[in-house]
There are 2 protein chains.
Amino acid sequence: MSRKPPPKRARAKQKRLSPDDRRREFVAKATEFFSEEGFGGGTRDLARRLGVTQPLLYRYFPSKDDLIKEVYRTVYLEPLDTGWEKLLTDRSRPIRDRLQEFYNAYTDVIFTRKWLRIYLYSGLKGLDINRWYVGVVQDKILARIIRECRHEAGLPAQSKPSASEIEMAWVFHSGIFYYGVRKYIYESPVLEDKARMIGDALDVFLAGFGRVIAAPAAPKCAPVKAIG
Amino acid sequence: MSRKPPPKRARAKQKRLSPDDRRREFVAKATEFFSEEGFGGGTRDLARRLGVTQPLLYRYFPSKDDLIKEVYRTVYLEPLDTGWEKLLTDRSRPIRDRLQEFYNAYTDVIFTRKWLRIYLYSGLKGLDINRWYVGVVQDKILARIIRECRHEAGLPAQSKPSASEIEMAWVFHSGIFYYGVRKYIYESPVLEDKARMIGDALDVFLAGFGRVIAAPAAPKCAPVKAIG
DNA sequence: ACAATGGGTGATCAGGCGATAAACAGCGAA
DNA sequence: TTCGCTGTTTATCGCCTGATCACCCATTGT
């Protein structure tokens, strides 16, 4: 009766993908799905969004948890390894330019609803991969920024930045990061000009960092000599 | 056989609480529970932690969702209304002292695993109460800080801070806030001396703010005259 | 043309979920 | 004591979840 006429048409529409590509497609769509619903979202809803039935997921992934792990991997690797080291340490350019360009690019990648939500969800789970990422940010980004700032301020180089220097870099970095959280997760109104926000944050940080580092216990009116 | 002898003893141990107190106790423990498990945590597990059976919850709360809403209310109201206005606007004291004392106290309240986790979970849900809280922070805290900073820098008062000023205050505030996230949610190692972190953040912000505000489009070596 | 292969589906299972109803237990008033 | 009230438990319902199995059908190699 209502038996479909041969659904070849419908089949024909979906282009043939290699198994690996199909799998990657699943992971990508699953990332979107879990970013909205949280990892408590059901496999049936996910399958519906993929346009397939739920048992099919288990042909590509042994369990929901394995699928989730692969979502983590792709999300956490996405913003990494795009030639920052050279950018951050290229002393032929003013430090402010380098940092502005870096944060413009970095936030272009991570300031999406999808990325930020997956990141926070996984952070709340206390996953190892989250701590690993935080460590990468600290070692590959913040430590370098500190080193460049010290160089800029004419301070002696040191192998490892001090704990309080790292902390200052974290406070600076987090301030920028949280702009994305406010905009894409809380959906609060923010200053629309992202580059302006980064620029102002940089100006405040660069102006303040030199003074604080140069005079660790100084009163607030210490002479400015570390910068300029 | 293993039927308990009259459990009067066990009953006697738990002190009689008024229904309202009992209810409050439930909400408090539920807050702890949900902060660890997320709001997907089961009512049976919650009841077990309360030392009662699951249906009893439904005598005190019509549904799980109502219980959760009350958790939100208590959590979001906890850090509010502790006389900040006077503290922040008391111009008889140096601004740095005021801000240091304020952030010491504010972070004493919100830097707990419980508070931060509930806050982030509810933020991810996109709840109205979250946007409301963000608005309160902006109006009652950040706008005042900006006003005091402008005053300190000898700049003319204005009824409303500009969007970019608010944004700078957000970046500053978020930097401090995220210290708590890193410590209590990601459980990353952080600078142990919280007051030092706040102090450094303040020094950077106060030193940088004046320069940026005084010379909006200035190069990075503009003379420092707004502060000091 | 035809069997084989493997992507895809319908039916289903066991378990956990939120929620409800009925039974029970302790306590103060009559 | 006895009644009734309130706090608490036992038993249970319907639903949804992650996961599995047997089956189907389309493409492909020969």
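We name chains A, B, ... by the order of the sequence lines, and we start the count at 1 in each one.
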Atom-pair distance ([atom1] on [X]; [atom2] on [N]), nearest Å:
X	N	atom1	atom2	answer
B:L50	D:dT9	CG	C1'	15 Å
B:R44	D:dT17	CZ	C1'	14 Å
A:R23	C:dG6	CZ	P	17 Å
A:D20	C:dG6	CG	C1'	15 Å
B:L67	C:dA19	CG	C1'	14 Å
A:R48	D:dT17	CZ	P	9 Å
B:Y58	C:dG18	OH	P	6 Å
A:Q54	C:dC13	CD	C1'	12 Å

Review point. Is there a donor and acceptor pair, one atom on the side chain of A:R59 and one on the base of C:dG6, closer than 3.5 Å?
Key: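 No such pair is found, so the answer is no.
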Review point. Is B:R22 side chain donor-acceptor paired with the D:dG7 base, going by distance under 3.5 Å alone?
Key: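 Not at all, since no donor on one side and acceptor on the other fall under 3.5 Å apart.
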**Study point:** Lys/Arg cation over aromatic B:F111: B:K183, 6.0 Å, 45° cone
**Key:**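 No, B:K183 and B:F111 do not form such a contact.
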Practice item. May I ask you to test the A:L116-A:F177 pair for a side-chain heavy-atom distance under 4.5 Å? Key: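 With C-beta onward as the side chain, the pair touches.
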Check your understanding: Between A:L99 and A:L88, is any pair of side-chain heavy atoms under 4.5 Å apart?
Key -> yes
Check your understanding: Taking 4.0 angstrom as the limit, do B:D66 and B:K69 come out as a salt bridge?
Key -> no
Review point. What nucleic acid atoms does A:G40 come within less than 4.0 Å of, heavy atoms only: base, sugar-phosphate, or nothing?
Key: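 Counting heavy atoms under 4.0 Å across all strands, no contact is made by A:G40.
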Practice item. Look at all strands and tell whether A:G51 reaches a base, only sugar-phosphate, or nothing, counting heavy atoms closer than 4.0 Å. Key: nothing
Review point. If only side-chain N and O atoms of A:T43 are considered, is one of them under 4.0 Å from the OP1 or OP2 phosphate oxygen of D:dG18?
Key: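 A:T43 to D:dG18 OP1/OP2: side-chain N or O found under 4.0 Å.
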Review point. For D:dT8, does OP1 or OP2 lie under 4.0 Å from any side-chain N or O of B:Y60?
Key: yes
Exercise for review: Ignoring the backbone of B:P55, work out which of D:dT20, D:dT8, C:dA21 is nearest its side chain.
Suggested key: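 Looking only at side-chain atoms, B:P55 lies closest to C:dA21.
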Review point. From A:M197 CE over to B:W170 CH2, what is the distance, rounded to the nearest 0.5 angstrom?
Key: 13.0 Å
